[in-house]
Every structure is written in structure tokens, then in C-alpha cells.
Number of protein chains: 2
Amino acid sequence: MRELGSSQPTAVELEILRILWDLGPSTVREVHLRLCEGKETNYSTTVKMLAVMLGKELVKRDDSVRPLVYRAAMTRDRAAKTFLSDLIEKIYDGSAMTLALQALAKGKASKEEIEEARRLLDEMEDKQ
Amino acid sequence: MRELGSSQPTAVELEILRILWDLGPSTVREVHLRLCEGKETNYSTTVKMLAVMLGKELVKRDDSVRPLVYRAAMTRDRAAKTFLSDLIEKIYDGSAMTLALQALAKGKASKEEIEEARRLLDEMEDKQ
DNA sequence: TTGCAATAGAGAAGCCTTTCGCTACAATGC
DNA sequence: GCATTGTAGCGAAAGGCTTCTCTATTGCAA
């Protein structure tokens, strides 16, 4: 059931990953401060979560500096791709397009993004 | 953290939902047989899972027939929308388009689907 | 160097999910 | 009617996630 690094992140883990994506490489303290904006939590809990995530290879750590610096083990886009594939597989049995349409229908996109999407569609058509 | 019916399904729960979407309203036995194709599991476990899911309102049950018949409490598309929003929120902080592009990039779509996507893009552009 | 505050880690408790074993009930065939 | 098979439910065990408390270590400043 696990397949990302070695594990799919849980809810809190994902929250921490997002913080690392936003902030870039960060100390426990920095992650913790952000985490606390959303919800009360203990500093030690953040330490532990990062330790657990290190074990699962969801994050990497630079031991050469003090305080230790953590960073996400994979990029946001890479994670999105993984979760998306997972979702597509689980819900639609592999039909990416169905899901893409749902996402498109959610609306709100810049002109550039719309153009980018059109380009992709053209490419797909050519390939057929 | 829960917000679908009253709960987000876990991995096994989702697997069962998918079976119900594929099969339509089904008895425990029918669900169980399908579930077993993928992995060894006890009949009692399936019964329990469905009971738990009934409690979470992920499935509904027709008590008027024997054996009891279960069906998914929400449609596949409805579920996809919910999970997708969740994913978008969690990974991209609300940018649906970024995710849609990822899904599109996964490729494999029929001419009809591509046309449908183009229509959506046109609509979105008009709205701006 | 000594003391203080911040940082790091270990271990265990609490909760939820998933699984199982046991028991009871319903339906079917003899 | 009675035995056999399939169906339903309960309670608890196993395992994982998340959190805590307590302890050790580090870095800085007086």
C-alpha cells in the first residue's frame, strides 16, 4: 500500500511536507512555528514527526549544520503526480482524463495556464 | 479532518466503495468475493468493514431484503470531486489548474474527451 | 566554565483502522 | 421439524499514527 519513497504520507505528514515546500529547507523550529499557525501542537511532536518522516524517507536532513536542517525528499510536482496517479487508479481505474476534466471544471485559471492546457490537448491529439 | 458524508474513506474503505460503484447495490457476499480477488481476507472482516462504513455513512443499506443489500452513499464523480478538492488544497493550496495540467499530461484521452476539455477551457476564458 | 535556553531523541500512551474469532440468526433441503 | 449452510453482529486484538513527557545534548552568554 506504500509506494512513495517507501511510504505515502499521512495527513499531518503531508501538512509538514507542504510547509517544507513553501519554506524550503528549514529547521524544526521553523517548521513548528508554521505548523502552530494552524493548530496547537508541541515542539517535541514536530521533532518526532520529522524523525518518523526521516525514517520513511519522506524528508532528508542535513546533519552538518546546527540546528539540523530538513527538506522534502521529493518536489511538490512529483508528489502531486504520485497522489494523482493513486487517486486516478483508486477512483477511476486509470482514466486520467475523467479526473482532469473534474479538475478543469473547478475553474479559476490564468490566461497562461489555459494556453498551456490547450497546448497539451493539441499534443495529445497529434499523438493519436 | 473528515468531511465526506461524515468521513473520508481509508484505503480499504475506498476499495470497497469502488467495488460498489462497479457492481452497483450488492450483498456482503458479492462485495467479499470481489475483495478477495485482490487479497486474502475474512468474510467477517468484510461484514465489519461494511458495518463501520455504514456508521460513517459512506454506504447505505436496504434492510427490507435478505440478504441485506449495500450501496455506495455517493457517486463516483462526487467522490472524485471531493478527493480532488482535498488533494488540490493539500498540495497546491487551492490551485486546481496546476493539478489539472498534471492529470492532462498523463495522456491517453479520446477525441471526445479532448473536445470536452477544449470546451471547458473556452468557457473559463469567457468568464474572465 | 557554568548556567540557561533551545534543540534532539527515546519511549510510551491514546486513538483509530483493520482484522479476526466467536456467537446468533435466517434460509434451505431433507 | 431438524440439520446444514450462509449471513450478521459483537468484542477484542494487532498494528499504525500522533501525541505527549522526560531526558540528553548543544550553543551561547555572562
Side-chain angles (χ1 to χ4, degrees), chain A residues 1-20 23 25-71 90, chain B residues 1-20 23 25-71 83 86 90:
Chain A
M1 184 120 320
R2 326 245 105 194
E3 73 230 22
L4 181 90
S6 62
S7 304
Q8 286 249 42
T10 64
V12 180
E13 287 168 356
L14 196 50
E15 215 172 320
I16 291 179
L17 274 184
R18 245 195 54 185
I19 291 172
L20 288 175
L23 257 46
S26 311
T27 64
V28 176
R29 173 71 41 190
E30 287 162 342
V31 171
H32 180 62
L33 282 174
R34 266 290 189 98
L35 205 53
C36 276
E37 287 172 16
K39 58 169 182 176
E40 293 274 316
T41 185
N42 216 304
Y43 176 82
S44 302
T45 302
T46 308
V47 172
K48 182 64 161 189
M49 285 312 306
L50 282 166
V52 169
M53 290 171 76
L54 187 65
K56 292 184 184 173
E57 296 183 61
L58 287 169
V59 298
K60 302 195 173 181
R61 188 173 71 181
D62 184 352
D63 288 337
S64 70
V65 293
R66 233 86 217 294
L68 308 180
V69 167
Y70 290 85
R71 64 189 171 80
K90 279 195 279 205
Chain B
M1 184 122 325
R2 327 248 104 194
E3 72 231 22
L4 180 89
S6 62
S7 305
Q8 287 249 40
T10 63
V12 181
E13 286 168 357
L14 196 51
E15 214 171 321
I16 291 179
L17 275 183
R18 246 195 55 185
I19 291 172
L20 288 174
L23 257 46
S26 312
T27 64
V28 176
R29 174 70 42 189
E30 287 161 343
V31 171
H32 180 63
L33 283 174
R34 267 288 189 101
L35 205 54
C36 278
E37 288 173 16
K39 59 170 183 175
E40 293 275 316
T41 187
N42 216 305
Y43 177 83
S44 303
T45 303
T46 308
V47 172
K48 181 63 161 189
M49 286 311 305
L50 282 166
V52 170
M53 291 172 76
L54 188 65
K56 292 183 183 174
E57 295 181 62
L58 286 169
V59 298
K60 302 195 175 182
R61 189 173 71 182
D62 183 352
D63 289 337
S64 69
V65 292
R66 234 84 216 295
L68 307 180
V69 167
Y70 291 84
R71 62 188 171 83
F83 301 151
D86 228 61
K90 278 194 279 202

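Residue numbers start from 1 in every chain, and the chains themselves are labelled A, B, ... in the order their sequence lines are given, proteins ahead of strands.
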Could you tell me the separation between the [atom1] atom of [X] and the [atom2] atom of [N], rounded to a whole number of Å?
X: A:K56; N: D:dT18; atom1: NZ; atom2: P; value: 7 Å
X: B:E40; N: C:dT19; atom1: CD; atom2: C1'; value: 13 Å
X: B:D63; N: D:dA8; atom1: CG; atom2: P; value: 10 Å
X: A:L50; N: D:dC17; atom1: CG; atom2: P; value: 15 Å
X: A:E30; N: C:dA6; atom1: CD; atom2: P; value: 15 Å
X: B:L35; N: C:dC20; atom1: CG; atom2: P; value: 11 Å
X: B:N42; N: D:dA13; atom1: CG; atom2: C1'; value: 14 Å
X: A:M53; N: D:dC17; atom1: CE; atom2: P; value: 12 Å

Heavy-atom pair of closest approach, residues B:L20 and B:Y70: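 So the two residues come closest at CD2-O, 3.6 Å.
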Distance test, side-chain N/O of A:T45 to OP1/OP2 of D:dT18, below 4.0 Å: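 Result: no.
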Contact letters for nucleotides 7-14 of chain C, in which S counts primed atoms plus P, OP1 and OP2 and B counts the base, heavy atoms under 4.0 Å: SSB-BB--
Pairs where residues 42-52 of chain A contributes a residue and the test side-chain hydrogen bond (donor to acceptor under 3.5 Å, both in side chains) is met, not counting sequence neighbours: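 Those involving residues 42-52 of chain A are A:H32-A:T46.
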My understanding is that only residues two or more places apart in sequence, or in another chain, count here; which of them pass side chain to side chain donor-acceptor pair (under 3.5 Å) with [X]?
X: A:S26; answer: none
X: B:R34; answer: none
X: A:D62; answer: A:S64

With B:P67 via side-chain contact (heavy atoms from CB on, under 4.5 Å) - residues at least two apart: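 Checked B:P67 against side-chain contact (heavy atoms from CB on, under 4.5 Å); matches are B:T27.
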